[in-house]
Enquirer: 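Supplied in structure tokens, the structure appears directly below.
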Amino acid sequence: MSLSTRYTPQEIESKWYQHWLERRYFHSEPDDREPFTVVIPPPNVTGVLHMGHMLNNTIQDILIRKARLDGKNACWVPGTDHASIATEAKVVQQLRAQGIRKTDIGREAFLQHAFEWKDKYGGIILDQLKRLGASCDWERTRFTMEDSLSEAVIRVFVDLYGKGRIYRDWRITNWDPEAKTVLSNEEVIYSEENAQLFHLRYPLEGDPSQGIVIATQRPETIMADVAVAVHPDDERFQHLIGKNVLIPLIDRAIPIIADTYVDREFGTGALKITPAHDQNDYEIGQRFNLPVIDILTEDGKLNEKAQILIGEDRFVARKKIRKLLEESGHLIKLEDYRTKIGRSERTNSVVEPRLTLQWFVDMKKFAHSALEAVRSGEVKFYPEHFWNMYNSWLNEDNVRDWCISRQLWWGQRIPAWYLATERMGEEKHIFVADTAEEALAQAREKTGNAELSIADLRQEEDVVDTWFSSWLWPISVFDGFKTQEELKYYYPTSVLVTGWDIMFFWVARMIMSGYEWAPELIPDVVKEKGAMPFRGVYFTGMVRDNLRRKMSKSLGNSPDALALLDNYGADGVRFGMLSSAAAGNDIIFDAPIGKDGVLNESKLCEQGRNFCNKMWNALRLIKSWELSEKALDAETAQVNQLAATWLEHKLNQTLAQVEVMFTEYRLSEALMTLYKFIWDDFCAWYLEMIKPAYEAPIDRQTLQQSIALFERMMTLLHPFMPFVTEEIWHQLRERAAGDDCVISKYPKAAAFDAVFIEKIERAKGLVTGVREIRNNNGLKQKELLKVFAQDTPSSRELLAMDGLLPMVVKMASLEFLQITSAEISNGVAFLVGNEKFYVELEQAIDVEEERKRLQKELEYYQGFVKSVQHKLSNEKFVSSAPAEVVNKEKQKLADGEMKMKNLAEELGKLG
RNA sequence: GGGUAAUUAGCUCAGUUGGUUUAGAGCGCUGCUUUGACAGAGCAGAGGUCACAGGUUCGAGUCCUGUAUUACCCA
């Protein structure tokens with residue numbers, strides 16, 4: 001069968017992925033091997049594959065595949081996150097298109113729609129991961145809202161409530177008026193926007209000739225004001241403190257108070273206090289025992305307490321009130337300025353600070369254990385510097401309680417019940433339990449009323465934050481809260497791979513939950529291995545476009561992941577993603593931006609595709625050789641033997657380097673090392689060394705050696721580029737069923753001879769030297785050259801090595817290579833190390849060109865020698881530097897001087 | 001305002017505890033090569049003094065201080 005000159009990924013990739021699945025290579029069951037466990041950062045069910053997913057799943061796959069080849073029990077658990085706000089928004093939107101409002105159909109029916117939506121679209125992103133080659137154990141696919149995981153959430157909630165670490169309270173929270181739910185601090189994105197500062201005059205009660213001018217960005221909230229605050233030391237306002245002013249337009253009297261919170265420099269130095277609509281104002285209000293007047297509805301419109309502009313949206317109201325204030329003469333000045341505005345991560349609507357009754361997790365104890373875990377090194381961060389960010393977020397001064405309730409339906413409903421007779425928001429009795437029946441039992445006991453029935457209870461309407469289910473992920477995917485069998489084997493997981501942007505949302509909280517529940521669930525394992533959910537966290541960078549902007553849907557600057565996979569193949573894209581991706585550093589993805597947006601192109605992915613093609617053609621070359629059983633002539637046999645021995649040593653050297661890189665998660669470096677080994681050492685040198693003459697056959701031993709080496713390289717590269725390596729693995733020889741690259745044995749690094757490798761490097765330098773002279777003198781490839789080596793002990797030793805001399809003759813297309821002490825009359829000289837070689841030319845030498853070349857080289861060494869001499873003439877250096885270093889410098893000097901001497905000699909000969 | 005990181009060749013990045021020839025890779029660029037694995041290729045070459053200013057040291061791309069620029073995090 002003849003192979004196409006190009007590697008064609010399409011059918012090959014789907015063929016092998018199917019094959020791997022059929023043989024269940026990705027499936028893991030506990031056994032007596034060492035486990036290597038990774039839980040996927042569950043993508044949102046609403047998600048489609050983007051560049052960030054491709055990056056971090058490629059990295060996970062590399063680690064998992066490497067572990068599998070190392071003989072470990074590799075288990076990569078996939079799954080999706082129910083993403084309450086995003087998914088609920090999608091379903092609401094879909095229903096709206098059908099003319100259905102969620103409030104009309106009620107909770108049960110809505111959830112049914114939502115589950116239908118999830119069943120239909122929720123698996124898309126996982127299928128896309130398969131195209132990338134992700135070797136997840138798909139039989140273990142989990143979902144954060146499936147029964148078992150929801151039960152874990154309820155159990156944990158009840159447990160924490162029982163421990164007194166969950167509470168319900170009124171707080172100023174971040175309100176999303178579009179989604180009509182509260183948001184956690186992490187779900188609010190702040191950015192600078194243009195705004196206006198309104199200077200408003202509040203007249204003094206009883207004496208309108210006097211007054212105070214405040215500055216506000218939100219004039220539509222003045223009706224909710226309860227005071228005006230000034231700095232206690234501000235001389236401008238001393239006489240006003242304690243008096244009342246009137247709110248413009250509605251003429252309600254409010255006091256002027258003094259508080260050091262006020263910044264005298266900002267605005268007019270006087271601040272209106274609006275506790276219901278500002279966090280800081282709320283705190284001041286608490287200190288002064290001021291009332292809270294909430295003038296906004298849940299969807300951001302003015303309510304009847306505003307007295308004016310009732311029913312208007314907050315932004316419309318701002319425009320209208322401006323006019324009213326102008327007309328009434330209260331607007332003194334309007335000033336443009338830049339300020340940070342918070343917007344909802346999900347809906348992009350401007351977040352409204354709002355006083356609401358919510359559920360919170362007390363973070364003090366959690367933060368402490370999460371900090372200790374990383375401080376002590378039980379959980380290691382790659383790169384380490386993320387500790388700083390982590391630490392500053394979690395330390396006592398900064399950590400804030402976690403608001404976990406959401407006013408949504410898509411999620412786990414909070415397992416708290418109230419007495420139906422108590423007014424909403426004013427409940428005095430709270431019963432938290434796994435089931436309504438248990439809550440009822442509590443209620444009967446606490447109220448002393450044995451007549452109560454379920455109908456007398458009302459369950460909390462809110463659901464918990466999505467992260468309140470995903471923080472249990474490393475335990476819950478193994479059903480660890482129910483049965484500890486699997487958890488005992490797989491916990492703690494090996495490494496977590498995720499973007500640093502969710503360090504607080506997710507990473508920190510998983511660490512907290514691990515230290516909280518693992519000791520209760522699997523005490524023996526924890527005693528032996530620790531309570532951490534993962535031993536290491538590999539933080540990936542953000543994928544950015546070539547203008548350094550984060551890739552996002554709204555900017556339209558992200559290439560289409562699937563189109564990239566089509567264009568370059570999964571292996572090509574994996575190569576491209578990884579080649580500029582050191583841990584923790586952002587990745588500038590090189591997709592060009594055209595007139596109509598970003599193109600689905602990438603030079604880096606192209607390089608990956610070309611690499612596949614290169615290996616493919618190396619395969620074609622080997623397969624094209626005809627096998628001959630005849631013995632080789634002695635010289636060729638020696639060349640082939642030398643080549644094989646050299647590549648073997650080089651492979652072991654490479655392997656040792658790659659092993660170290662893996663332990664340090666320097667994956668892109670490991671890939672580049674393998675790339676260079678395969679492309680340069682194997683293809684460009686080894687194959688050329690052993691290549692038979694045109695249409696000549698190859699001997700059995702060389703062919704088999706080559707196949708064996710190629711096969712090992714495929715295993716080495718497999719974690720990075722799984723498809724092409726599997727294909728070549730099978731093309732190299734007939735395989736029995738189950739003899740697949742994906743489960744082959746990763747070679748163990750064996751000893752290698754660095755001195756030997758170095759000698760071959762010198763021989764390669766000799767070949768390169770001849771090629772350069774060929775290039776400079778316009779000599780054809782086919783023209784066989786005569787090369788002479790200056791007679792020195794070391795060149796004798798080098799060329800005496802079995803097979804080396806004929807190898808050089810072959811690689812440099814020489815007629816011969818001889819050692820000589822005679823003068824070469826028409827020879828061009830070049831140096832390899834300190835050995836001098838001559839290429840004898842038939843034609844006249846271009847003396848000027850030669851002189852220039854030698855002169856240039858000489859100048860380099862002159863500069864070099866000078867700098868070394870400078871160092872060595874420094875007495876302090878000679879006396880304080882280690883002898884080893886000084887000797888090295890002396891060696892450098894001797895080498896350099898020798899080279900200068902040789903070069904000067906040759907220059908002299910040119911006359 | 002506080003913090004973290006980055007700043008090395010035209011571009012994208014390595015450079016692990018300061019000392020393996022006056023810094024490496026890939027892409028791009030230049031020249032040559034086109035019947036024999038691969039033009040998605042081969043061979044060779046040019047191109048940086050490591051943002052800037054100080055300092056520590058026998059010795060600094062690497063450590064310290066400051067400045068500038070960029071990105072992000074927190075307020």
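The chains referred to below are lettered A, B, ... by the order of the sequence lines, with proteins before strands, and numbering in each begins at 1.
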Enquirer: Looking at the side chain of A:Lys614, which of B:C72, B:A46, B:G42 is the nearest nucleotide?
Expert: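 Side chain of A:Lys614 sits closest to B:G42.
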Enquirer: With nearest nucleotide decided by heavy atoms, which residue, A:Lys876 or A:Lys780, maps closer to the 5′ end of RNA chain B?
Expert: A:Lys780
Enquirer: By nearest atom, which of the nucleotides B:A25, B:A14, B:A37 is closest to the A:Lys691 side chain?
Expert: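 Minimum distance to the A:Lys691 side chain belongs to B:A37.
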Enquirer: Quick one: do the A:Asp895 and A:Gln891 side chains pair a donor with an acceptor below 3.5 Å?
Expert: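 Indeed, the side chains of A:Asp895 and A:Gln891 share at least one donor-acceptor pair under 3.5 Å.
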Enquirer: Please report the distance, rounded to the nearest Å, between CG in A:Asp501 and P in B:C74.
Expert: 11 Å
Enquirer: Of all the nucleotides listed (B:A41, B:G31, B:A75), which has the minimum atom distance to the side chain of A:Asn775?
Expert: B:G31
Enquirer: Counting side-chain heavy atoms from CB outward, which of B:U16, B:C72, B:C38 is closest to A:Asn617?
Expert: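 Nearest to the side chain of A:Asn617 among the choices is B:C38.
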Enquirer: Considering only B:A44, B:A39, B:G28, which nucleotide approaches the side chain of A:Lys603 most closely?
Expert: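 Nearest listed nucleotide: B:G28.
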Enquirer: Distance only, no hydrogens: is a donor on one side chain within 3.5 Å (strictly under) of an acceptor on the other, for A:Glu283 and A:Gln279?
Expert: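 Their side chains do contain a donor-acceptor pair, which is all the 3.5 Å distance test asks for.
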Enquirer: Name the residue from A:Ile773, A:Val828, A:Leu814 that meets the side-chain contact (heavy atoms from CB on, under 4.5 Å) definition with A:Val787.
Expert: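 Option passing the side-chain contact (heavy atoms from CB on, under 4.5 Å) with A:Val787: A:Leu814.
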Enquirer: I'd like the C1' distance from B:C29 over to B:U12, given in whole Å.
Expert: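 Approximately 15 Å lies between the C1' atom of B:U12 and that of B:C29.
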Enquirer: Any strand is fair game: report the nucleotide pairing with B:U20 by Watson-Crick or G-U wobble, both distances under 3.5 Å, or none.
Expert: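 Its partner is none (no Watson-Crick or G-U wobble pair with both distances under 3.5 Å).
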Enquirer: Nearest to the side chain of A:His385, heavy atoms from C-beta on, is which of B:A5, B:A37, B:G28?
Expert: B:A5
Enquirer: Taking any strand in view, what nucleotide pairs with B:U67 in a Watson-Crick or G-U wobble way, both distances under 3.5 Å?
Expert: B:A51
Enquirer: Output the single nucleotide from B:G40, B:C43, B:C72 whose closest atom is nearest the side chain of A:Arg544.
Expert: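 In terms of side-chain proximity for A:Arg544, the closest of B:G40, B:C43, B:C72 is B:C72.
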Enquirer: Answer yes or no: is there a donor N or O on one side and an acceptor on the other, between the side chain of A:Asp401 and the main chain of A:Met363, under 3.5 Å?
Expert: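 Side chain of A:Asp401 to backbone of A:Met363, a donor-acceptor pair under 3.5 Å: yes, one is there.
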Enquirer: Using the P atom as the reference point in each nucleotide, state the distance between B:A46 and B:C58 in Å, no decimals.
Expert: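 Each nucleotide's P atom is 37 Å from the other's.
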Enquirer: Any idea which of B:C58, B:C27, B:G40 is nearest the A:Gln607 side chain?
Expert: B:C27
Enquirer: Expressed as a whole number of Å, how far does the C1' atom of B:A37 sit from that of B:A51?
Expert: 47 Å
Enquirer: Decide if the gap between the ring center of A:Trp467 and the ring center of A:Phe505 is smaller than 6.0 angstrom.
Expert: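 Yes.
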Enquirer: What nucleic acid atoms does A:Ala684 come within less than 4.0 Å of, heavy atoms only: base, sugar-phosphate, or nothing?
Expert: sugar-phosphate
Enquirer: Nearest whole Å is fine: how far is B:A71 C1' from A:Ile587 CD1?
Expert: 15 Å
Enquirer: Would you mind telling me which of B:A23, B:C43, B:A37 lies closest to the side-chain atoms of A:Tyr860?
Expert: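 My answer, after comparing the listed nucleotides, is B:A23.
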Enquirer: Could you work out the separation of B:C27 and B:C43 based on their P atoms and round it to a whole Å?
Expert: 12 Å
Enquirer: Parallel, tilted or perpendicular: which describes the rings of A:Tyr665 and A:Tyr382, with under 30° parallel and over 60° perpendicular?
Expert: perpendicular
Enquirer: What integer number of Å spans the C1' atoms of B:U8 and B:G24?
Expert: 10 Å
Enquirer: Using the C1' atom on both, measure B:U35 against B:U30 and round to a whole Å.
Expert: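 After rounding to an integer number of Å, I get 27 Å for this pair.
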Enquirer: In whole angstroms, how far is the P atom of B:G40 from the CE atom of A:Met615?
Expert: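 Taking atom P of B:G40 as the reference, CE of A:Met615 is at 18 Å.
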Enquirer: Taking pairing as Watson-Crick or G-U wobble with both contacts under 3.5 Å, can you name the mate of B:G26, or confirm there isn't one?
Expert: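 Base partner found: B:C11.
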Enquirer: Think A:Trp679 has a side-chain N or O under 4.0 angstrom from the OP1 or OP2 of B:G42?
Expert: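 Indeed, a polar side-chain atom of A:Trp679 lies that close.
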Enquirer: Could you please name the partner base of B:U56, counting Watson-Crick and G-U wobble pairs only when both distances are under 3.5 Å?
Expert: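 Pair assignment: B:U56 / none.
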Enquirer: Check whether the ring centres of A:Tyr568 and A:Phe611 lie less than 6.0 Å apart, and answer yes or no.
Expert: no
Enquirer: Pick the nucleotide of RNA chain B nearest each of A:Asn388 and A:Ser880; which residue has the one closer to the 5' end?
Expert: A:Asn388
Enquirer: Does B:A41 have a Watson-Crick or wobble partner in any strand here, with both distances under 3.5 angstrom, and which is it?
Expert: B:U33
Enquirer: Paired with B:G61 by Watson-Crick or G-U wobble geometry, both distances under 3.5 Å: which nucleotide is it?
Expert: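 The answer is none; no pair meets the criterion.
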Enquirer: Would you please classify the geometry between the A:His649 ring and the A:Phe756 ring as parallel, tilted or perpendicular, with 30° and 60° separating the classes?
Expert: tilted
Enquirer: Quote, to the nearest angstrom, the C1' distance that separates B:G3 from B:U21.
Expert: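 The answer is 42 Å between these two C1' atoms.
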Enquirer: Is there a Watson-Crick or G-U wobble partner for B:C72 with both distances under 3.5 Å, and which nucleotide is it?
Expert: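 The answer is B:G3, by the H-bond criterion.
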Enquirer: With distance as the sole criterion, is a donor-acceptor pair present between the side chains of A:Tyr675 and A:Gln607 under 3.5 Å?
Expert: yes
Enquirer: Please measure how far the C1' atom in B:A71 lies from the corresponding atom in B:U33, and state the result in whole Å.
Expert: 45 Å
Enquirer: Would you mind reading off the distance between A:Glu772 atom CD and B:G42 atom P, rounded to a whole angstrom?
Expert: 19 Å
Enquirer: Taking atom types as they are modelled, is there a donor-acceptor pair under 3.5 Å from the base of B:A37 to the side chain of A:Glu688?
Expert: yes
Enquirer: Can you pull out the residues from residues 890-903 of chain A that lie within a 4.0 Å heavy-atom distance of RNA chain B?
Expert: A:Lys892, A:Lys899
